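Below: one structure in structure tokens.
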Amino acid sequence: MIVVLKPNTPKERASALIEWLKSQNLTVHISEGEINTVLGLVGDTGEIDMDLVSSLDIVEDVKRVSDPFKCCNRKFHPKDTVIEVGDVKIGGGHFCLIAGPCSVESEEQIVEVAQKVKAAGANILRGGAFKPRTSPYAFQGLKADGIELLLEAKKITGLPIITEIMNANHLPLFEDVDIIQVGARNMQNFELLKELGKLKKPILLKRGLANTLKELLMSAEYIMAGGNEQIILCERGIRTFETQTRNTLDISAVPMLHELSHLPVVVDPSHATGVRSLVEPMALAGAACGADGLMIEVHNDPMHAWCDGAQSLRPEQFAEVAQKVLAVREALRK
């Protein structure tokens, strides 16, 4: 249920209504806009007398929300959510570039890449410490040592870091990680999502290989229902019948998610295509359709990368893509 308060409602009267709603065993999400304040009610609203609430002189409108996702619903929260990571802002008109290797391989490698992507305009450093791989024989990441190397690169460059979590038992290792990534294979690992909901830390949630947008938003709902509202959605391509690319980038997902939800949306053109030559056009498409950021794999020696070298850009290629992406962003502002 959504309760829209009238403009210029006295704060004390709004507070009194909010306390009463909470006394009905409801969670109240408050979104203050320039004109109206919107109260999003989560819980069993079936016993609430809508006519009684509507009759209050401070209430402009009351409506039920049929969508199963509540907390991340734009109807509950009309204004864009802005995620802040240090000095970096994501969403609400703020754009970020996330770049770095698929996997952390050595201190020399991650520091060199971090320095070069920062010089090219990246705001956040990505790097895999724990790697989910299709084959059990493939490189699985440096694990805790990989996180330590990412933190060393952060210390040298000042870039916030993002890396993927595989298991809730690993959470103590992620205490100093700025953004925790939930990969496509874990999008519906609901027990993990519940644990992430207890944190006060941004979570980047990737869409599953064959999941709908509603399922993605329901996974975000799991995290938000636990109290963590700092979520970034990521479109990273879905599995279709096409075999020329690793996945198929669903570019329409970006504006659709923006219609459905207030959460920022990032596009990953690297995993979406799996082909180095396609990363640039898909990155530009992501920027053009209104994405709040891009996540791009960059390696200083892709030919000898321990994983995903075929889709990784060299630092100088990333610099060119970054310039073109910013040009697209500037054109959209005109």
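It should be emphasised that the depicted structure is a prediction, and the values quoted were computed from it without experimental measurement.
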May I ask you to decide if W20's main-chain N or O and S23's side chain share a donor-acceptor pair within less than 3.5 Å?
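Here the side-chain-to-backbone pair exists.
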What are the two closest heavy atoms between G237 and N247, and how far apart are they?
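So the minimum-distance heavy-atom pair works out to C-CB, 3.9 Å.
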Are any non-hydrogen side-chain atoms of L205 and I232 less than 4.5 angstrom apart?
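No, their side chains stay 4.5 Å or more apart.
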Would you indicate whether the side-chain heavy atoms of T45 and R64 approach each other to under 4.5 Å?
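R64 vs T45: side chains touch.
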Does atom CG (N8) have a neighbourhood of more than 12 heavy atoms from anything else shown, all under 6.0 Å?
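12 or below, so no.
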So L192 and I165, do their side chains get closer than 4.5 Å, heavy atoms only?
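A side-chain contact exists here, since the closest heavy-atom pair is under 4.5 Å.
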Under 3.5 Å, side chain of D308 to main-chain N/O of Q311, donor-acceptor pair present?
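Judged by distance alone, no pair lies under 3.5 Å.
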Honestly curious: do I296 and I90 fall in one hydrophobic cluster under the side-chain, below-4.5 Å linking rule?
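Different clusters.
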Indicate if L257 and M282 have the same hydrophobic cluster label, given that clusters are the connected sets of ILVMFWY residues with side-chain heavy-atom separations under 4.5 angstrom.
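Hydrophobic grouping puts L257 with M282.
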Going by heavy atoms in the side chains, are T163 and F130 under 4.5 Å from each other?
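Of all side-chain heavy-atom pairs linking F130 with T163, none is under 4.5 Å.
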K6 bridged to E60 by N-O distance under 4.0 Å
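No, this pair does not count.
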For R314, does its backbone N or O pair with a side-chain atom of Q317 as donor and acceptor, under 3.5 Å?
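Indeed, once roles are kept as given, a pair shorter than 3.5 Å links the two residues.
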Is it true that K116 and E112 have a side-chain N and a carboxylate O under 4.0 angstrom from each other?
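Salt bridge between K116 and E112, a charged N being under 4.0 Å from a carboxylate O: yes.
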A quick test of your reading: do over 12 heavy atoms of other residues, nucleotides or ligands sit less than 6.0 Å from CD of Q24?
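Correct, the count exceeds 12.
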For L17, run the side chain to side chain contact (heavy atoms under 4.5 Å, CB included) check against L5, V28, T9 and tell me which one passes.
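When L5, V28, T9 are each tested with L17, the side chain to side chain contact (heavy atoms under 4.5 Å, CB included) holds only for L5.
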Honestly curious: do I124 and M295 fall in one hydrophobic cluster under the side-chain, below-4.5 Å linking rule?
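Shared cluster, yes.
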Are any of the side-chain heavy atoms of I110 and L150 separated by less than 4.5 Å?
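SC-SC contact between I110 and L150 confirmed.
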Taking side chain as C-beta onward, heavy atoms only, is L171 less than 4.5 Å from L196?
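Yes - at least one pair of side-chain heavy atoms lies under 4.5 Å apart.
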Can you measure from CG (L193) to CD1 (I203) and round to the nearest 0.5 angstrom?
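So the CG of L193 and the CD1 of I203 are separated by 9.0 Å.
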Could you check whether any side-chain N or O of N228 sits under 3.5 Å from a backbone N or O of I223, counting only pairs where one atom can act as donor and the other as acceptor?
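The answer is no, because no donor-acceptor pair under 3.5 Å joins these two groups.
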Mark yes or no for whether E221, through its side chain, and K70, through its backbone, hold a donor-acceptor pair below 3.5 Å.
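Yes: the side chain of E221 pairs with the backbone of K70.
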Minimum-distance pair of heavy atoms, taken over all atoms of N36 and P7:
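Shortest heavy-atom contact: ND2-CD, 3.6 Å.
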Test your reading of the model: is there a side-chain donor-acceptor pair from S106 to the backbone of Q109, 3.5 Å cut-off?
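Present.
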Measure the shortest side-chain to side-chain distance between V59 and V4 over non-hydrogen atoms and say whether it is less than 4.5 angstrom.
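No. Closest side-chain heavy atoms not under 4.5 Å.
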I'd like to know if the side chain of R276 reaches the main chain of S312, judged simply by a donor and an acceptor atom lying under 3.5 Å from each other, with no hydrogens or angles considered.
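Checking the backbone N and O of S312 against the side chain of R276, a donor-acceptor pair under 3.5 Å is found.
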Could you walk me through whether C234 and V265 pass side-chain contact (heavy atoms from CB on, under 4.5 Å), step by step?
CA-CA 6 Å; C234 182; V265 183; over 6 Å; no
Between K206 and E164, is there a side-chain N and carboxylate O pair less than 4.0 Å apart?
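Answer for the salt bridge query: no.
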Is atom CD of E242 surrounded by more than 12 heavy atoms (other residues, nucleotides or ligands) closer than 6.0 Å?
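Atom CD in E242 is packed in, count exceeds 12.
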In Å, rounded to the nearest 0.5 Å, how long is the span from CE of M50 to OG of S55?
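These two atoms lie 12.0 Å from each other.
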Which heavy-atom pair separates A283 from V321 by the least distance, and what is that distance?
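So the two residues come closest at CB-CG1, 4.0 Å.
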Greater than 12 external heavy atoms within 6.0 Å of Q244's CD
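For Q244, atom CD is not crowded (no more than 12 foreign heavy atoms under 6.0 Å).
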Atom CD of E330: over 12 foreign heavy atoms under 6.0 Å
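Counting neighbours around CD of E330, more than 12 heavy atoms of other residues, nucleotides or ligands fall under 6.0 Å, so yes.
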Going through the distances and angles, do V42 and L26 end up as a side-chain contact (heavy atoms from CB on, under 4.5 Å)?
CA-CA 6 Å; V42 180; L26 297 175; over 6 Å; no
Between the side chains of R13 and D57, is the shortest nitrogen-to-carboxylate-oxygen separation below 4.0 Å, so that they form an ion pair?
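So D57 pairs with R13 through a salt bridge.
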Within this structure, what is the CG-SG distance for the pair L294 and C96, rounded to the nearest 0.5 Å?
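Separation between the atoms: 8.0 Å.
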So, N167 side chain and N169 main chain: donor-acceptor pair closer than 3.5 Å or not?
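Present.
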Hydrophobic cluster membership, L56 vs M1, 4.5 Å side-chain cutoff
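They do share one cluster, since a chain of ILVMFWY contacts under 4.5 Å joins L56 to M1.
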Take V328 and K324 through the side-chain contact (heavy atoms from CB on, under 4.5 Å) test and state the conclusion after the steps.
CA-CA 6 Å; V328 169; K324 292 179 181 179; 5.7 Å; no
Indicate yes or no: does K63 engage D61 in a salt bridge with an N to O separation below 4.0 Å.
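Salt bridge between K63 and D61, a charged N being under 4.0 Å from a carboxylate O: yes.
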Minimum heavy-atom separation for G100 to V113, with atom names?
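Taking G100 first and V113 second, the nearest heavy atoms are CA-CG1, 4.0 Å.
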Please report the shortest heavy-atom distance between P315 and H299, naming the atom on each side.
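The answer is CD-O, 3.4 Å.
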Does the side chain of E215 come within less than 4.5 Å of R207's, by heavy atoms?
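R207 vs E215: side chains apart.
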Nearest heavy atoms of M166 and N189, plus distance in Å:
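Looking at all heavy atoms of both residues, the shortest contact is O-ND2, 4.5 Å.
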Please check this pair: side chain of D268 against backbone of H271, looking for a donor-acceptor N/O pair closer than 3.5 Å.
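A pair under 3.5 Å: yes.
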Evaluate the criterion side-chain contact (heavy atoms from CB on, under 4.5 Å) for residue pair E152 and E148; output intermediate values, then yes/no.
CA-CA 6 Å; E152 183 63 24; E148 288 302 317; over 6 Å; no
So, applying side chain to side chain contact (heavy atoms under 4.5 Å, CB included) with L263, which one of R74, Q230, M224 is it?
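It is M224, the one option of R74, Q230, M224 that forms the side chain to side chain contact (heavy atoms under 4.5 Å, CB included) with L263.
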Distance-only donor-acceptor check, side chains E84 and H94, under 3.5 Å
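Result is no, nothing qualifies.
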Would D292 and H258 count as having a side-chain donor-acceptor pair, cut-off 3.5 Å?
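The criterion, which ignores hydrogens and geometry beyond distance, is satisfied for H258 and D292.
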Could you grab the distance from atom CZ of F174 to atom CD1 of I162, nearest 0.5 Å is fine?
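Output value for this atom pair is 10.5 Å.
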Verify, without hydrogens or angle tests, whether K75 (side chain) and S261 (backbone) share a donor-acceptor contact under 3.5 angstrom.
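Not a single qualifying donor-acceptor pair exists.
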Taking atom types as modelled, find out whether H29 and E229 have a side-chain donor-acceptor pair closer than 3.5 angstrom.
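Yes, side-chain donor-acceptor contact under 3.5 Å.
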Can you tell me if R239 has over 12 outside heavy atoms packed within less than 6.0 Å of its CZ?
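No, because the 6.0 Å sphere around CZ of R239 holds 12 heavy atoms or fewer from other groups.
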Just verifying a value: how many Å separate I98 CD1 and I179 CD1, rounded to the nearest 0.5 Å?
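Reported value, rounded in 0.5 Å steps: 5.5 Å.
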Please check if L213 and F190 belong to a single hydrophobic cluster, counting links between Ile, Leu, Val, Met, Phe, Trp and Tyr side chain heavy atoms closer than 4.5 Å.
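Same cluster.
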Just verifying a value: how many Å separate K155 NZ and I161 CD1, rounded to the nearest 0.5 Å?
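So the NZ of K155 and the CD1 of I161 are separated by 11.5 Å.
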